[in-house]
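So the structure is just underneath, and the comments pick up after that.
Numbers here simply count residues along the sequence, with the first being 1. Below, each value reflects all heavy atoms present in this structure, side chains not excepted, and no hydrogens, waters or symmetry copies.
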Amino acid sequence: MHSTMRLEFARLRWACLAFLSCLFCGPALAAGGLQGTDALSLSSTYNRVATGLSHSLAIRPDGTVWAVGGNSQGELGDGTVFTRVTPVQVLGLSGMLSVSAGRSFSLALRADGTVWAWGNNSHGQLGTGDTTSRRVPVQVPGLESIVSVAAGDSHSLAVRSDGTVWTWGSNSHGNLGIGSTTSRSTPVQVPGITNALLGVVGGQHSIVLRANGTLLAWGRNHVGQLGDNTQVDRFSPGSVLGMTGVVSVAAGDDHSLAVRSDGLVWAWGSNGNGRLGIGTWTPTFSAVPVQVPGLDSAVAVTAGSWHSMAVRSDGTLWAWGYNLYGQLGDDSQTTRFSPVAVQGLTGVVSAAAGSGRSMAVRSDGSLWAWGDGGTGARGDGTEITRPVPTPATRLNGVTRVAAGDAHALAVRSDGSVWAWGDNRSGQLGDGTRSIRSVPVAVSGLTGVRAVAAASSYSVAVRSDGTVWTWGSNTYGQLGDSTPDGRDVPGQVFGLGNVMAVAAGNFHALALRSDGTVWAWGYNAHGSVGDGTTTTRFAPVLVPGVSKVVAVAAGMYHSLALRSDGTVWAWGSNFSGELGDGSGANRLTPVQVSGLTNVQSISARSFSSMAVRSGGTLWGWGDNEYGQLADGTQLDRRVPTQVPGWSGGGVASPGRYHGLAARSDGGVFAWGLNGYGELGTAAPMDAISLAPVPVMAADGTSVFTATSVAASETFSLAVRTDGTVWAWGWNSHGQLGSGRPVFATVPLRSLLY
């Protein structure tokens with residue numbers, strides 16, 4: 001096959017993969033081809049993700065641009081100079097096709113062929129005719145019909161549809177390729193090039209891939225990064241020796257990479273920290289391309305400041321070079337002189353190497369990041385080092401959440417389940433015992449419609465009516481007839497047609513479509529409700545209740561709501577949580593006193609709550625910290641109305657506090673504020689005996705949500721847009737935001 005034909009085939013294939021990946025992206029950071037530090041090119045012209053020295057960019061499927069990381073020069077384009085550890089929208093941009101991240105500035109290409117720039121402009125790298133930095137995007141004048149853009153340390157490059165190349169910014173080493181070292185603050189054409197397909201920019205050098213598969217390079221050349229067998233800076237384009245049939249090219253800080261149509265990878269320039277991948281640190285540089293041994297079937301390359309990566313045709317990603325921050329993704333911080341596989345990533349369609357960090361896009365459209373977290377440029381909400389890939393973007397579409405003591409679950413509209421927080425018993429279901437401060441997918445679960453979380457285990461019901469459990473199983477709470485725990489979900493056999501589930505500390509409930517309730521697990525206080533105190537390792541029928549429409553579980557007690565609006569309870573009654581006025585444990589269901597026309601029920605620890613059809617809220621049981629919101633700290637053995645509450649909605653008692661979302665969306669909290677779990681301005685350890693509004697992060701408006709979940713020391717909420725928010729104690733990452741130790745206002749969880 002002719003090299004040009006091979007090149008066009010590669011470009012089309014990778015452009016299609018990039019397009020498909022965008023189709024599968026959620027409504028957060030999208031992914032297609034990637035632009036890396038100071039420059040990366042893949043075979044697709046359009047780079048939908050970029051990572052620079054201290055910030056990252058991405059284009060959503062709707063054409064908007066989002067940014068994260070360092071912002072001292074306004075390079076995030078949000079009108080501020082505040083560092084962002086979670087993505088913010090770049091102001092005023094829509095219909096964008098490609099982005100590029102320079103040292104402290106950004107470029108974006110719009111579908112109409114115009115170029116937009118923002119951030120540092122000390123060398124005229126924004127192309128606006130001046131050296132004034134910009135905090136919001138401005139159009140680069142004089143450019144039209146552009147198909148490729150690239151940003152370097154302090155200069156920029158664009159390729160037009162007619163194959164001409166245009167550059168601007170710093171020119172101290174001939175970076176602009178115009179035959180001199182005079183800097184330009186507006187775009188100027190590079191002489192003699194009319195067949196360019198795309199261009200990439202390193203720290204202070206530039207490379208163009210031509211339609212015939214050859215490369216032209218110019219600029220700084222002190223370590224041979226131009227590949228012309230010299231160390232002399234070149235002010236005009238010159239050929240890279242021996243490079244024909246090239247399908248992908250990348251420029252790092254001072255080294256360069258290329259993939260030829262035979263799938264072999266070639267490298268030249270600095271070999272510091274092994275970035276050439278030739279198996280040794282010597283020679284310290286190569287002024288001509290050398291083959292990277294042991295790497296074949298490559299389709300794309302990316303060059304970071306001090307490391308390199310290649311995507312193979314089988315979808316695996318390989319990396320080599322400096323690894324102090326884990327940027328090679330091999331679960332180490334050991335520098336590698338030869339390529340090693342990036343762990344846990346398959347189906348990779350593109351990748352980007354930054355300054356100490358890396359990013360990759362999989363064929364399902366998910367974006368992953370690893371390495372240095374400084375300035376939050378990975379976009380996962382944290383600044384810690386990550387030596388293995390972690391999802392890097394947030395998705396919406398959450399339909400419900402559940403809160404355990406120190407872990408949380410969320411169901412997305414696609415039926416997948418995501419988990420975060422404490423995982424010492426495998427309660428996150430990802431096959432590990434690693435604590436997760438950002439959400440991970442629960443392994444192998446699809447079509448889920450409801451979840452429940454308890455102290456150290458989790459329960460899910462799928463749309464086919466089957467029940468699945470994982471985590472601790474000391475008391476048979478997994479319902480699989482064994483005492484063995486599981487790190488991944490397993491089916492509870494003997495149960496079908498289940499509509500809903502509930503999880504107590506050590507027992508679980510399932511509601512079937514025929515209105516019957518089934519229970520299993522710890523039963524010393526009668527929480528299983530079968531008339532005994534025998535712990536059950538498999539589900540048993542709860543006698544005496546029928547036509548049930550909802551269930552709830554506390555620490556050692558259980559509730560059931562019947563279709564006639566009455567509530568029934570069984571199990572422990574230490575604090576009056578059964579609501580029958582007796583204070584005695586019940587081994588079979590008894591009716592809760594005085595409650596009729598109930599619409600919803602909830603339970604946690606030793607407290608219970610119900611919302612009645614008139615919109616009133618009622619509570620009973622433990623009230624030591626005001627968790628019943630009745631204005632007292634007196635335990636209640638029968639239901640007591642929450643004074644002044646008539647807004648209906650949904651309620652969720654926690655161990656020491658409670659939450660409710662009114663029908664108008666306003667969220668209110670009460671009880672102990674030990675770690676900020678009330679989300680109010682109340683001091684730590686203050687007690688609120690009546691509902692108070694949870695305040696949004698701006699401190700001036702009431703936080704709104706459609707559903708809430710109160711745990712032992714933290715709170716969860718789902719908003720109308722399907723986003724998850726959390727506040728309170730974050731000892732095991734249960735807020736899902738990656739930081740901080742605790743939060744006194746709602747923070748958006750990084751649900752991937």
Are the aromatic ring centres of Trp727 and Phe742 under 6.0 angstrom apart?
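Here the rings of Phe742 and Trp727 have centres that are no less than 6.0 Å from each other.
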For [Y], is there any backbone N or O sitting under 3.5 Å from a side-chain donor or acceptor partner on [X]?
| X | Y | value |
| --- | --- | --- |
| Ser715 | Ala726 | no |
| Asn597 | Gly614 | no |
| Trp645 | Thr616 | no |
| Glu577 | Ser607 | no |
| Thr632 | Leu634 | yes |
| Thr532 | Thr534 | yes |
| Arg719 | Val724 | no |
| Asn730 | Leu735 | yes |
| Asp430 | Val440 | no |

Give a yes-or-no answer on whether the side chains of [X] and [Y] include a donor-acceptor pair shorter than 3.5 Å.
| X | Y | result |
| --- | --- | --- |
| His732 | Arg436 | no |
| Asn623 | Asp630 | yes |
| Asp622 | Gln627 | yes |

Side-chain touch [X]/[Y], heavy atoms, less than 4.5 angstrom:
| X | Y | answer |
| --- | --- | --- |
| Leu541 | Thr516 | yes |
| Arg412 | Thr399 | no |
| Glu677 | His657 | yes |
| Arg612 | Thr596 | yes |
| Val467 | Val459 | yes |
| Thr713 | Arg655 | no |
| Tyr457 | Phe506 | no |

What is the distance from atom [atom1] of [X] to atom [atom2] of [Y], rounded to the nearest 0.5 Å?
| X | Y | atom1 | atom2 | value |
| --- | --- | --- | --- | --- |
| His525 | Met555 | NE2 | CE | 10.0 Å |
| Leu428 | Ser458 | CG | OG | 7.0 Å |
| Gln427 | Ser472 | CD | OG | 8.0 Å |
| Ser425 | Arg433 | OG | CZ | 6.0 Å |
| Ser731 | Tyr675 | OG | OH | 8.0 Å |

Got a salt bridge between [X] and [Y], using NZ or NE/NH1/NH2 to carboxylate O under 4.0 Å?
| X | Y | value |
| --- | --- | --- |
| Arg536 | Asp530 | yes |
| Arg486 | Asp480 | yes |
| Arg604 | Asp405 | yes |

Which atom pair, heavy atoms only, marks the closest approach of [X] to [Y]?
| X | Y | value |
| --- | --- | --- |
| Gln734 | His407 | CB-N, 4.2 Å |
| Ala553 | His507 | CB-NE2, 3.9 Å |
| Val492 | Pro539 | CG1-CG, 3.5 Å |
| Gly579 | Asn573 | N-OD1, 4.3 Å |

Stepwise side-chain contact (heavy atoms from CB on, under 4.5 Å) check, Thr482 with Phe537:
CA-CA 6 Å; Thr482 79; Phe537 287 82; over 6 Å; no
Go through the steps to decide whether Ser513 and Met499 satisfy the test side-chain contact (heavy atoms from CB on, under 4.5 Å), and finish with yes or no.
CA-CA 6 Å; Ser513 58; Met499 299 172 55; 3.8 Å; yes
Yes or no on side-chain contact (heavy atoms from CB on, under 4.5 Å) for Val411 and Arg449, after CA distance, side-chain angles and deciding distance?
CA-CA 7 Å; Val411 181; Arg449 65 186 181 193; over 6 Å; no
Determine, step by step, whether Phe703 and Val667 satisfy the side-chain contact (heavy atoms from CB on, under 4.5 Å) criterion, reporting the C-alpha distance in whole Å, the side-chain angles of both residues, the deciding distance to 0.1 Å, and the verdict.
CA-CA 6 Å; Phe703 182 75; Val667 177; 3.9 Å; yes
Would you call the rings of Tyr556 and Tyr522 parallel, tilted or perpendicular if under 30° counts as parallel and over 60° as perpendicular?
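Aromatic pair Tyr556/Tyr522 classed tilted.
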